[in-house]
Every structure is written in structure tokens, then in C-alpha cells.
Participant: 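I have a structure here, written as C-alpha cells, and I will follow up with some questions on it.
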Amino acid sequence: EVIAWEPSGRVVVRAETSILVSLDEITIDASIDGSTVTYDADLSFKGALRLANPLLGAAFGRIGDRAADGLRHVLAGEPRGMS
């Protein structure tokens with residue numbers, strides 16, 4: 001569900017399943033040198049699984065770091081799989 005949208009470069013979306021709630025905010029800030037994209041995701045388990053939320057945050061942080069590295073490589077025109 002899109003819960004906020006601004007033509008200037010911001011969108012907030014929310015997703016919910018039987019075990020998980022995700023709130024994601026994406027902003028794009030243009031500058032003379034290009035653009036900065038910020039993606040902030042807040043994931044949390046529901047019910048008894050919420051006790052595992054700290055583990056979910058750590059795992060998602062690692063996934064996000066790898067995704068950001070991959071995006072930097074692609075934007076720099078480097079072949080996939082380069083470190």
C-alpha cells in the first residue's frame with residue numbers, strides 16, 4: 001500500500017503479511033552532480049516472532065549493504081560480480 005507520495009521524490013509504502021510488517025521510505029534528492037537515493041526499510045515480525053526482530057534487523061542490514069554495493073558497481077559501469 002502506498003501511504004505517502006510526493007512528486008518531489010519521496011514515496012512511503014507499507015506491506016503486511018500474517019507474520020511481518022514492512023514500512024519502506026524511498027527518497028530521491030537531485031543535485032548538480034547527480035542524485036542521491038535513500039532507501040529506508042523498517043521490518044518487524046508480528047506476534048511471538050517479534051522476539052526475533054533484532055536478528056531480522058541484522059540480516060536485513062547485511063542484505064541492504066550487499067545491494068548497495070551492487071548498485072554502486074552497476075552505476076559505475078563495472079561488470080557484475082566485481083568486488
Participant: Check this for me: R10, atom CZ, are more than 12 non-hydrogen atoms of other residues, nucleotides or ligands nearer than 6.0 Å?
Facilitator: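 More than 12 within 6.0 Å, yes.
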Participant: Quick check: do L23 and V12 have side-chain heavy atoms less than 4.5 Å from each other?
Facilitator: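 When only atoms from C-beta onward are counted, V12 and L23 do touch, with a gap below 4.5 Å.
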Participant: Are side-chain heavy atoms of I26 and V37 found at a separation under 4.5 Å?
Facilitator: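 When only atoms from C-beta onward are counted, V37 and I26 do touch, with a gap below 4.5 Å.
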Participant: Looking at every heavy atom in both K46 and T17, which two are closest together, and how far apart are they?
Facilitator: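 So the minimum-distance heavy-atom pair works out to NZ-O, 3.1 Å.
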Participant: Under the rule for side-chain hydrogen bond (donor to acceptor under 3.5 Å, both in side chains), what residues qualify as partners of S22, not counting sequence neighbours?
Facilitator: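 For S22, the residues satisfying side-chain hydrogen bond (donor to acceptor under 3.5 Å, both in side chains) (neighbours in sequence not counted) are D24.
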Participant: Output all residues satisfying salt bridge (charged side-chain N to carboxylate O under 4.0 Å, His left out) with R72, sequence neighbours left out; order by chain, then residue number.
Facilitator: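 With neighbours one apart ignored, the set is D69.
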Participant: Side-chain contact test, heavy atoms from C-beta onward, threshold under 4.5 Å: evaluate it for V11 versus E6 and give yes or no.
Facilitator: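 No. Closest side-chain heavy atoms not under 4.5 Å.
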Participant: I need the I28 CD1 to T36 OG1 distance, nearest 0.5 Å.
Facilitator: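 Answer rounded to 0.5 Å: 10.5 Å.
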Participant: Is V2 reachable from V21 through a run of hydrophobic residues whose side-chain heavy atoms are each under 4.5 Å from the next?
Facilitator: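 In one cluster with V21: V2, no.
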Participant: Would you check if L43 and N53 make a side-chain contact, meaning some heavy-atom pair closer than 4.5 Å?
Facilitator: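 They are not in contact (no side-chain heavy atoms under 4.5 Å apart), so the answer is no.
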Participant: What pair of heavy atoms forms the shortest contact from A30 to S35, and how long is it?
Facilitator: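 Where A30 meets S35 most closely, the heavy atoms are CA-OG, 3.9 Å.
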Participant: Rounded to the nearest 0.5 Å, what's the gap from CG on D40 to CD on E25? Could you check?
Facilitator: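 That separation rounds to 6.5 Å.
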